[in-house]
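Here's the structure we're looking at; comments come further down.
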Amino acid sequence: MTILQWVGCALMWGAAGLAGAQALAPASGSPPRGVAAPPPGPAVANEPVLPAAPVSLSARKVYEQARSQLLQIRTLVKGQGAQTSVGSGFVVSAQGHIITNYHVVSEAALSPSRHTLVYLTADGHEAPLQLLMIDVRHDLALLKTTEPLPPAKSGASPPLSFRPSGQPMGQGERMYSLGNPLDVGFAVIEGNYNGLVERSFYPQIFFSGALSEGMSGGPALDESGRVIGVNVARSTESQLVSFVVPGEFASALLERGRNAPPLTKTVWTLVRDQLLLHQEELTQRFMRAGWYPPTHARYRVPVPRAGFVRCWGASATDTRDLDIERAVCTMDSNVFVGDFLTGTLAMRHHIYDGHRLNEWRFAARFSEEFASETLGRPPSSQRTRPQCHESFVQNNKLPMRAVVCLRAYPQLPELYDLTVLVVTVDQAKGGVQGRFGVSGLSYANAMKLSRHYLEGYGWVH
């Protein structure tokens, strides 16, 4: 089963940072770094002359125009100066407003007593930054310089501007992603616009270019140098599949925060408030979409019609004579908070047919499968121990055993993780087991979704 996975492109100086810091192998035929190339030897008769590699004049032009407005965003440990993560950003106003990803600055946002933010220009100038506003739902942050940006040595260009919303990109149109990959230097990556990502909860641009760690928060530009979006993530399962936040969300964040003072309100409260908005929209859209019509001969099981959920299925006979039909449905997206993710949904069901087994063997296997269900990771500073309620219920005359569990977020009051486990108890050699999980819900919406999920089960008439 292949489920699209993605990772943000900020470079954290843990395992990812160490990987990024490893020495790069020199290109074939070139000397190692720091070693001068030997003088050219005598020409070889009839040696073919290879043409020079083509250079995209558009990419060069776009980079040169934007270079003075490109920044590396660094999170430093206060009192040490050591960086804990690096990403990219870009200047969008003459007053020094800067757009980047929220996940690039989350450490400093959530722990301002331990971290600070600075920027580094392409010419090596470093200075402090202030955090003005965040948008965790679209993984964006608005920053501002504490001092005027110095002019670039090659001459300053104006702040980057956004492509007007009335001029949409066309399929296959060239895009240029800029940033500082792996903390090795500023770069421009050329690729194509491929429309919006299907099944994404929030709009994201599908960019056929190779984003790397450290490019998060950098701009994606059109051939005129206007901002189309903000680099955010790449696929971990394929090459040249990357994702960009549409520029309209960054432009809106700039307008909301253009005159905002530096953040003094606890960022955890802002994150909580935005997650509450997210879970309300998630609940409404999911319930409004409803379920697909039943396909099994005996049971009606909940398979969501929501366009932002992807479902996979399979059927097989295991080695112990038990026929099992499986379906798994997940969201491809989630919301980055800090050191954990939330705001996502997943569900699955297994339909068991044990006609080859006697009743005792089937009961043992069926019970064993249900007993193996877990309620997530162990309790931590992120989530409390689950509190569960178990009961026997009937829906459309189908008897079921249901377990509903909630886990709270100590740092995000009013938000919970929901897990619902279901097992039918209607026949001796067959049945259904299901699991439904949603993270980052209010209590009221957790109860709504629990009922909605249970009501998806029943007989096929």
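No hydrogens, no waters, no symmetry mates; every other heavy atom, side chains included, goes into these values.
Using modelled atom types and a 3.5 Å distance limit, the side chains of T384 and Y409 yield no donor-acceptor pair. A donor-acceptor contact closer than 3.5 angstrom links the side chains of Q167 and R226. Using modelled atom types, one finds no donor on one side chain facing an acceptor on the other under 3.5 Å when comparing N231 with S216.
By the neighbour-count criterion of 12 heavy atoms within 6.0 Å, atom CD of E126 is densely surrounded, having more than that number from other residues, nucleotides or ligands. Summarising the local packing, CZ of R174 is surrounded by more than 12 heavy atoms from other residues, nucleotides or ligands at distances under 6.0 Å. A 6.0 Å sphere centred on CD of E173 holds more than 12 heavy atoms belonging to other residues, nucleotides or ligands.
Judged by distance alone, with hydrogens and angles left aside, the side-chain atoms of E414 form no donor-acceptor pair with the main-chain N or O of S442 at under 3.5 Å. Distance alone, capped at 3.5 Å, places no donor-acceptor pair between the S251 side chain and the G247 backbone. A distance-only check finds no donor-acceptor pair linking the side chain of N180 to the backbone of L71 [under 3.5 Å].
Aromatic pair F207/Y176: ring centres not closer than 6.0 Å.
Between E281 and R137, at least one side-chain N (NZ, or NE/NH1/NH2) sits under 4.0 Å from a carboxylate O, which counts as a salt bridge. Between R285 and E280 there is no salt bridge, since none of the side-chain N atoms of the basic residue sits less than 4.0 Å from a carboxylate O of the acidic one. Salt bridge R199/D332: absent, no basic N to carboxylate O contact under 4.0 Å.
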Side-chain donor-acceptor pairs of residues 253-262 under 3.5 Å, sequence neighbours excluded:
unit_1: E255; atom_1: OE2; unit_2: R258; atom_2: NH2; d: 2.8

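In this view, E390 and R401 satisfy the salt bridge (charged side-chain N to carboxylate O under 4.0 Å, His left out) rule, not counting sequence neighbours. Partners of H138 according to the side-chain hydrogen bond (donor to acceptor under 3.5 Å, both in side chains) rule, which considers only residues two or more places apart in sequence or in another chain, are D135. With sequence neighbours left out, the ring-ring contact (aromatic ring centres under 6.0 Å, His included) criterion links F90 to no other residue. Partners of F366 according to the ring-ring contact (aromatic ring centres under 6.0 Å, His included) rule, which considers only residues two or more places apart in sequence or in another chain, are Y352, F362.
Within the structure, the salt bridge (Lys or Arg N to Asp or Glu O under 4.0 Å) test picks out the following pairs touching residues 415-425 (sequence neighbours left out): R383-D417.
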